[in-house]
Participant: 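One structure, as structure tokens, below. Some questions next.
Chain identifiers are assigned alphabetically (A, B, ...) following the order of the sequence lines, protein sequences preceding nucleic acid strands; residue numbering begins at 1 within each chain.
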Amino acid sequence: MSNFFFKVLRPGINSTFQDKGRYHMQHLGVTPGGCMDLDLFSIANALVKNSSNEGVLEFAYQGPLLKLINGKTKIAITGNVLFQIIKSNNETIKGECYRTYDMDKGDQIDILATKKSSYGYMALEGGFDIKPFCKSVSILSRAQIGPNEGKKLKIDNKINIKINRNNNKNYAIKISSKNESTIRVLKGSQFDYFSKKSQKDFFSKEYKISNLTDRMGMRLEGEVMENIVNTNIRSEGITKGAIQVPADGQPIILLTDYPTIGGYPKIANVTSVDYSLLIQKTPGEKISFKLIELHEAEQLYKEHLKSISKIIKEIREIN
Amino acid sequence: MLKRLRNIGDCGIVCDFGDEVNREINTGVIKLFHHIKNEVSLGNLNGILNYTPSYNKLIINFDLKKINSSKIIDFLKSVNFSTLKLSQSSKKWKIPICYDFEMDLENMSKTLKINKDEIINIHLNTDFFIYMIGFIPGHPFMGDLNSKLFLNRLKTPRVKIPPGSVGIVEKFCNIYPYESPGGWNIIGRTPIKLFNKKDEKEPCLLSPGDSVKFKSISKKEFEKLANE
């Protein structure tokens, strides 16, 4: 183990290590987890020239304040994030997302807030020195699985880093952000449990994202969905983005840390192409749903992956 | 038997075995689960991320970068169900339980009009079959309990139930792997760890399709096993 590390001076609201997630274990009750926004995760690693599944630090709303106690590193922040780097001589650099910065012993990174978005990412050249559990470094805090004893960052935690910086170049990329509020979905398994009026309402009315939103699920407030068959179903396996409607008629979208099985009827399922867009919405924002067909969802996702590859190819060296 | 295949979102497939919940239907689900798991481990089916059995369904999750719904449905249609077997890897477990840690026996006895010892006896003599594991890591849903012991959930769920607590509702029995809230009728507690983070190869003791019989132990034996 290297002796290069950060010390956590402020943990932030929900700061965890994440990668693509932990698979082949859902039948044992272990949800895949992983980065909420896999697009930003890929771009963060690409900026610091890491392999595509290197673990990163994910933060939500208010991020951490970290001090590099020993070593030198290169970092990149992705998302729509307000941050600054405080050099050891107290000089402050206003941070720009989607570019790399060198950090030296004694420097601090202060991740102040995610702007008009929920999640942001910090990648390090070479990666964090954290122990995987079942091939993934994703922290599942509900079950206390993953590095850092499966817990969110806490004050005074020590974060080890794998290597000292050895690339003396820096990189950047321009990203234009979309502000779309329509989320494309597919019909859910129990779509026909809901009245004709509710089926229509679901695709024509707006829903407000409530404060009860976290990595596990997003609760919505809006038109009550009227269930005309049964408000419970036999518990069955869950997929990411399932929109379930409990007896109170208010939809809940199951997100990355979803429970592995669930017993509420599902009216719809968020498409893969719009998942990152959805999870970046913040409590209080309004969204609406648009029904599309499976083949369209598959085609749109292919195009989306191409656009992410294109972004990664456009990463350029800066001075 | 498999009744219907359909997509669930753009990266999941539901294999629906019908509406009933019984051991025979679940055995069909478990057989297909073992088959898929095996095909994935042999590298015959790329891009599969998870296969989650429940009472009457198997949900297959996949990576849309590598495979899509129609390819998985084609694969499932080619499966010869009559040749699928319950895997050799299905295990029989003896799980120690200390009934002194019950929380609801008094009320159960009143509601069911059966004395406490008889309730314990029926529970001890049941061969439980694991229908599924889930919600949280290692949490088994087991059946079938004798209909004499059928009970509803508690009207007000408890805020905290200690780990290892064994609960019953309707024909099902579960074991809480973690301290958690819950509404099941608690009949006892096991000192056995259902999910062990230190064992990366097999962190989860039980698996869907395994069978379980309980073995009564004293408080002293409980403490001893709990400290191991």
Participant: Rounded to the nearest 0.5 Å, how far apart are NZ of A:K131 and CD of B:E200?
Facilitator: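 A:K131 atom NZ to B:E200 atom CD measures 5.0 Å (nearest 0.5 Å).
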Participant: As an exercise: rank B:S54, B:G134, B:P137 by heavy-atom pairs under 4.5 Å with chain A and give me the winner.
Facilitator: B:P137
Participant: Closest approach of A:S189 and B:I8, non-hydrogen atoms and distance?
Facilitator: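 Closest heavy-atom pair between A:S189 and B:I8: OG-CD1, 3.6 Å.
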Participant: Among A:I233, A:V273, A:T271, which has the most heavy-atom pairs under 4.5 Å with chain B?
Facilitator: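 Heavy-atom pairs under 4.5 Å are most numerous for A:T271.
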Participant: Could you check which of A:I261, A:L140, A:L186 has the highest count of heavy-atom pairs closer than 4.5 Å to chain B?
Facilitator: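 When all of A:I261, A:L140, A:L186 are compared, A:I261 has the most.
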Participant: Nearest heavy-atom pair of A:A143 and B:Y178: which atoms, and what distance?
Facilitator: O-OH, 3.3 Å
Participant: Find the distance between CG (B:N7) and CG (A:N269) and round it off to the nearest 0.5 Å.
Facilitator: 8.5 Å
Participant: Can you measure from CG (B:D63) to NZ (A:K20) and round to the nearest 0.5 angstrom?
Facilitator: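 Here the interatomic distance stands at 8.0 Å.
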Participant: Test your reading of the model: is there a side-chain donor-acceptor pair from B:N50 to the backbone of A:H27, 3.5 Å cut-off?
Facilitator: no
Participant: Checking heavy atoms, do the side chain of B:Y51, its backbone, both or neither come under 4.5 Å from chain A?
Facilitator: both
Participant: With respect to chain B, which residue among A:R142, A:Q144, A:K266 yields the maximal number of heavy-atom pairs within a distance under 4.5 Å?
Facilitator: A:Q144
Participant: Where on B:K197 is there a heavy atom nearer than 4.5 Å to chain A: the side chain, the backbone, both, or neither?
Facilitator: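 Answer is both: backbone and side chain atoms of B:K197 are under 4.5 Å from chain A.
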Participant: In terms of heavy-atom pairs under 4.5 Å with chain B, which of A:L28, A:T260, A:V30 leads?
Facilitator: A:L28
Participant: Find the distance between CG (A:L294) and CG (B:N68) and round it off to the nearest 0.5 Å.
Facilitator: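 The distance works out to 7.5 Å.
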Participant: Is there side-chain contact between A:F133 and B:P203, with heavy atoms separated by less than 4.5 Å?
Facilitator: yes
Participant: For the candidates B:T52, B:I136, B:L49, which exhibits the highest count of non-hydrogen atom pairs separated by less than 4.5 Å from chain A?
Facilitator: B:L49
Participant: Less than 4.5 Å to any heavy atom of chain B: does that hold for the side chain of A:I238, its backbone, both, or neither?
Facilitator: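 For A:I238, the contact with chain B is made by the backbone alone.
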Participant: First locate atom CZ of B:F62, then atom OG1 of A:T239, and finally report the distance between them rounded to the nearest 0.5 Å.
Facilitator: 10.0 Å
Participant: Identify the heavy atoms of A:G237 and B:I59 that sit nearest to each other, and give their distance.
Facilitator: O-CD1, 3.1 Å
Participant: Count the heavy-atom pairs under 4.5 Å between each of B:S69, B:C11, B:S41, B:G12 and chain A, then report the option with the highest count.
Facilitator: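 Looking at each of B:S69, B:C11, B:S41, B:G12 in turn, B:S69 comes out on top.
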Participant: Evaluate side chain to side chain contact (heavy atoms under 4.5 Å, CB included) for A:E236 paired with B:Y55, printing each intermediate quantity in order.
Facilitator: CA-CA 7 Å; A:E236 62 182 43; B:Y55 298 116; over 6 Å; no
Participant: What verdict does the side chain to side chain contact (heavy atoms under 4.5 Å, CB included) test give for A:Y23 and B:N61, after you've listed the backbone C-alpha separation in whole Å, the side-chain angles of each residue and the deciding distance to 0.1 Å?
Facilitator: CA-CA 10 Å; A:Y23 293 96; B:N61 296 105; over 6 Å; no
